[in-house]
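All values below come from the heavy atoms of this structure, side chains included, with hydrogens, waters and symmetry mates left out. Since we're looking at a predicted model, the values are computed, not measured.
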2 protein chains.
Amino acid sequence: MANIKDIAKHLGVSVSTVSRAMNNHPDVREETKQQVMEAIRLYNYRPNALAKGLIQKKTFTIGLLVPDISDPFPSSLSNAVEETLFEHGYQVVFGNGNRNSDKEKQFLLNAVERQFDGLILTPDYMDEEFSELLSNLEIPIVFLRRRPPAGLSFPFVDVDHYQAAKTAMQYLLELGHRQIGFIGMPQTSFIGNERLRGYTDVMRMHGIDPGPGHMILGGRTIDNGREAMGRLLDHNPDLTAVFAANDLLGIGALEWLAMHQIAVPDKLSVMGFDNLEYAGLYWIQLTTMEQPRREMGVRAAQMLLQMIANKEQAPESDLMEAKLVIRKTCKARLTH
Amino acid sequence: MANIKDIAKHLGVSVSTVSRAMNNHPDVREETKQQVMEAIRLYNYRPNALAKGLIQKKTFTIGLLVPDISDPFPSSLSNAVEETLFEHGYQVVFGNGNRNSDKEKQFLLNAVERQFDGLILTPDYMDEEFSELLSNLEIPIVFLRRRPPAGLSFPFVDVDHYQAAKTAMQYLLELGHRQIGFIGMPQTSFIGNERLRGYTDVMRMHGIDPGPGHMILGGRTIDNGREAMGRLLDHNPDLTAVFAANDLLGIGALEWLAMHQIAVPDKLSVMGFDNLEYAGLYWIQLTTMEQPRREMGVRAAQMLLQMIANKEQAPESDLMEAKLVIRKTCKARLTH
DNA sequence: CTGAAAGCGCTTACAG
DNA sequence: CTGAAAGCGCTTACAG
């Protein structure tokens, strides 16, 4: 590959001049600039970003750590991040957390070695070591769909899961439901707990104290949802509605109900959370809470850009609102 | 950030020694090595990858261009690529082609500027300019799920779509179907045409000449499939089976059939292609051809690794076999 | 086993 | 408007 010296030599000018011409420096004769551009084309020359980054202390590279590249949820969000950052001249490097604690740490280390300009993080494991690493990082960081570990004050963007769960529950109550079951995520999940809290609080506000018979926790997948639905109805045959903490769980519930010929929404209403692609399928038509994925991604990217531009002043975290998407799995309770 | 000089100064040794100790050079006293390691920990030092890459002409970075990060199909495959490459110490940089010709080219340019060690490409647009760029690249490249543009001999890994379509058709014929319709992709799609060719050839082999009444081409999505199914049955009410060139199309067909109370597979059999997650859903249970996504990703990564290790000898392209996944949308034709 | 020096390919004051 | 020189943070012959 040709380098800047080659093209300087070719033109009989100094490398400084070539550099300035390439970078559109004002103090360079138009004619010289033209010649340089031509030589660049001729040699098929591309400036070495490593050398450039080394000296400018700026790489135009942003790291984006996602839990799992093949997970459909984060990927649409990643797209928004990537597009926003790309428009501003940054290349985003996806890190595959791979639901693996070591890989997440490895990514952080990589980011510092490679001199990334900023980081957007959706880590799954935030142990001591991770926090420790993070606190030494000296790079602008924003958390996406996660809260920073205790003691560290990085800005984040997330949905207000608690509020959203309340909205979902409110809807179910308006439809006349009182006996509402909950299919929840593992207790180790922050967002799972927020959604659970929304469920519980609304139930209590309406004078119902949801006991263990009202809920099955601990899952995330379609299989989990299917299994939970069966158990839930076993414990509590009076349920007229079920709130699933995520769509996969909700779809699993729907499966179980379909398998057992329990009509949805005539016999039982089902509410999901996320609004995955799945939810809109003809056979599913799940009523659910939609997370503003694109907006979250764009927002996180903008926040990071702002932090890079102004390292002093940290932006405010952003808690976004989820939107109720009404489809066909919830219905007013029959009053007999 | 501390640099190598800081830690050399701290220990009163030369930077050469620090460098050697870090990189496990044999000619360095064990004691020295220990001290260096300790100082590195103390300073929280991480070597600058830019400087390292600049001098070593090796960045341990691989570019992976995908058409669309949020597309579920490539992402599971990307995971396999990433994992394989990560095990060998490489970081993969995802490029979002974004179904946009300029972004794909931009990615190529970026790759050369940033001195990537290799590239795995799934481009959607391969015009003159793209080929031109490619031919100047001097970087090991493998194509994934795409064939290199005419005149360029990069190795590729893909599924043998023609063969796979024949397998699917063979299955339908074994079930007794003769009047088989085809819902196909745009004629601009290489893989779409391969699948169509498989369909047509098998039909002809069995003495049926599929006319325009047998097929609707031009779509990729669920909506397209739904619409195509209606038209197909309109033209050709005798059809007993339909082969959809991808699962989305197949699912759309299934939707239309469900909406019109046409029992699948009792009245009509439907065959898909891809085996997306969707296909296994309780309500769908689509019989389809599964592409070995993980294997393709792993294979492409291995090929690239081999090319990097040995720049002389180009590896053979790999055409993989798709596997028939029998679920519930195909059934033996009733013989009355 | 260790150090001094050159060099990777750029950018950027500084001087003219 | 242009050039010479220093320097970014490393690695690696070369010499000892």
Side-chain angles (χ1 to χ4, degrees), chain A residues 1-37 39-40 43-61 89 109-117 138-139, chain B residues 1-37 39-40 43-61 89 109-117 138-139:
Chain A
M1 267 288 299
N3 63 24
I4 196 173
K5 240 160 137 182
D6 295 326
I7 104 114
K9 201 175 298 171
H10 171 78
L11 291 172
V13 300
S14 74
V15 294
S16 331
T17 299
V18 176
S19 172
R20 281 190 277 255
M22 279 199 301
N23 295 297
N24 262 305
H25 195 91
D27 303 345
V28 54
R29 197 146 49 105
E30 192 51 42
E31 201 195 323
T32 318
K33 203 175 286 184
Q34 295 301 330
Q35 290 172 357
V36 169
M37 287 318 182
I40 284 178
Y43 279 74
N44 233 297
Y45 167 72
R46 294 266 101 203
N48 184 320
L50 301 181
K52 204 167 180 165
L54 186 57
I55 201 160
Q56 294 189 142
K57 291 176 176 334
K58 169 104 188 167
T59 55
F60 284 98
T61 310
L109 260 17
N110 250 306
V112 349
E113 293 184 2
R114 290 164 185 259
Q115 318 293 120
F116 289 177
D117 295 329
E138 306 180 359
I139 305 180
Chain B
M1 268 288 301
N3 63 24
I4 196 172
K5 240 160 137 182
D6 296 324
I7 105 113
K9 202 175 298 170
H10 171 78
L11 291 173
V13 299
S14 72
V15 295
S16 332
T17 299
V18 175
S19 172
R20 280 190 278 252
M22 281 198 301
N23 295 297
N24 263 305
H25 196 91
D27 301 347
V28 54
R29 202 147 44 107
E30 192 52 41
E31 202 194 324
T32 317
K33 201 175 290 185
Q34 294 303 329
Q35 291 172 357
V36 169
M37 286 319 181
I40 284 179
Y43 279 73
N44 232 299
Y45 167 72
R46 293 266 103 202
N48 184 320
L50 302 180
K52 204 166 177 163
L54 186 56
I55 199 159
Q56 293 188 143
K57 293 178 173 335
K58 168 103 187 168
T59 55
F60 284 98
T61 309
L109 259 17
N110 250 306
V112 350
E113 292 183 3
R114 290 162 185 261
Q115 319 292 125
F116 289 177
D117 295 330
E138 305 181 1
I139 303 179

**Prompt:** Does A/Ser19 place a side-chain N or O at less than 4.0 Å from the phosphate oxygens OP1/OP2 of C/dT11?
**Reply:** yes

**Message:** For A/Ser19 and A/Ser16, which I'm curious about, is there any donor-acceptor pair between the side chains at under 3.5 Å?
**Reply:** no

**Asked** Should B/Met22 and B/Ile7 count as side-chain neighbours, where that means a heavy-atom distance under 4.5 Å?
**Response** no

**Request:** Report the distance from atom CD of B/Gln35 to atom C1' of C/dT2, rounded to the nearest whole Å.
**Result:** 13 Å

**Item:** Length of the NZ-C1' vector between A/Lys52 and D/dC8, whole Å
**Value:** 15 Å

**Message:** Can you say whether a donor on the side chain of A/Arg20 sits under 3.5 Å from an acceptor on the base of D/dG3, or the other way round?
**Reply:** yes

**Message:** For a quick check under 3.5 Å, do A/Arg114 and B/Thr61 share a side-chain donor-acceptor pair by atom type?
**Reply:** yes

**Message:** Within the 4.0 Å heavy-atom criterion, would you say B/Asn3 contacts the bases, only the backbone, or no part of the nucleic acid?
**Reply:** sugar-phosphate

**Item:** Qualifying ring-ring contact (aromatic ring centres under 6.0 Å, His included) pairs, either residue in residues 9-31 of chain A, two or more places apart
**Value:** A/His10-A/Tyr43

**Message:** Heavy-atom nearest nucleotide on DNA chain D for A/Val15 versus A/Glu30: which residue maps closer to 5'?
**Reply:** A/Glu30

**Prompt:** When Watson-Crick pairs (N1 to N3 and N6-O4 or O6-N4) and G-U wobble pairs (N1-O2 and O6-N3) count only below 3.5 Å on both distances, what is the dot-bracket string of DNA chain D, with | for other-strand pairs?
**Reply:** |||.||||||||.|||

**Item:** Distance, rounded to the nearest Å, where A/Asn48 contributes CG and D/dG9 contributes P
**Value:** 16 Å

**Prompt:** Heavy atoms under 4.0 Å, any strand shown: does B/Met22 hit a base, just sugar-phosphate, or nothing?
**Reply:** sugar-phosphate

**Asked** So, is B/Thr32 close to the C/dC1 phosphate, meaning a side-chain N or O under 4.0 Å from OP1 or OP2?
**Response** no

**Prompt:** Any side-chain heavy-atom pair from B/Ile4 and B/Tyr45 closer than 4.5 angstrom?
**Reply:** yes

**Request:** Using atom CD1 of A/Ile7 as one end and atom C1' of D/dT2 as the other, report the distance to the nearest whole Å.
**Result:** 15 Å

**Message:** Taking only side-chain N and O atoms of A/Lys57, does any of them lie within less than 4.0 angstrom of OP1 or OP2 on D/dG9?
**Reply:** yes

**Message:** Measuring to OP1 and OP2 of D/dT2, would you say a side-chain N or O of A/Ser16 lies under 4.0 angstrom away?
**Reply:** no

**Message:** Taking the nucleotide of DNA chain C with the nearest heavy atom to each, does B/Asp27 or B/Ala51 sit closer to the 5' end?
**Reply:** B/Asp27

**More than 12 heavy atoms of other groups within 6.0 Å of A/Lys9 NZ** = no

**Request:** Mind calculating the distance between CG (B/Leu54) and C1' (D/dT11) to the nearest angstrom?
**Result:** 10 Å

**Asked** Any donor and acceptor pair, going by atom type alone, linking the side chain of A/Thr59 with main-chain N or O of A/Gly53 inside 3.5 Å?
**Response** no

**Prompt:** To the nearest Å, how far apart are A/Ile55 CD1 and D/dA6 P?
**Reply:** 14 Å

**Message:** If you define the side chain from C-beta out and look only at heavy atoms, does anything of A/Phe60 sit under 4.5 Å from A/Lys52?
**Reply:** no

**Request:** Find the distance A/Lys5:NZ to C/dT11:C1' and express it as a whole number of Å.
**Result:** 15 Å

**Request:** Could you tell me the separation between the CG atom of B/Leu50 and the P atom of C/dT11, rounded to a whole number of Å?
**Result:** 14 Å

**Message:** Please determine whether a side-chain nitrogen or oxygen atom of B/Gln56 lies at a distance below 4.0 Å from atom OP1 or OP2 of D/dT12.
**Reply:** yes

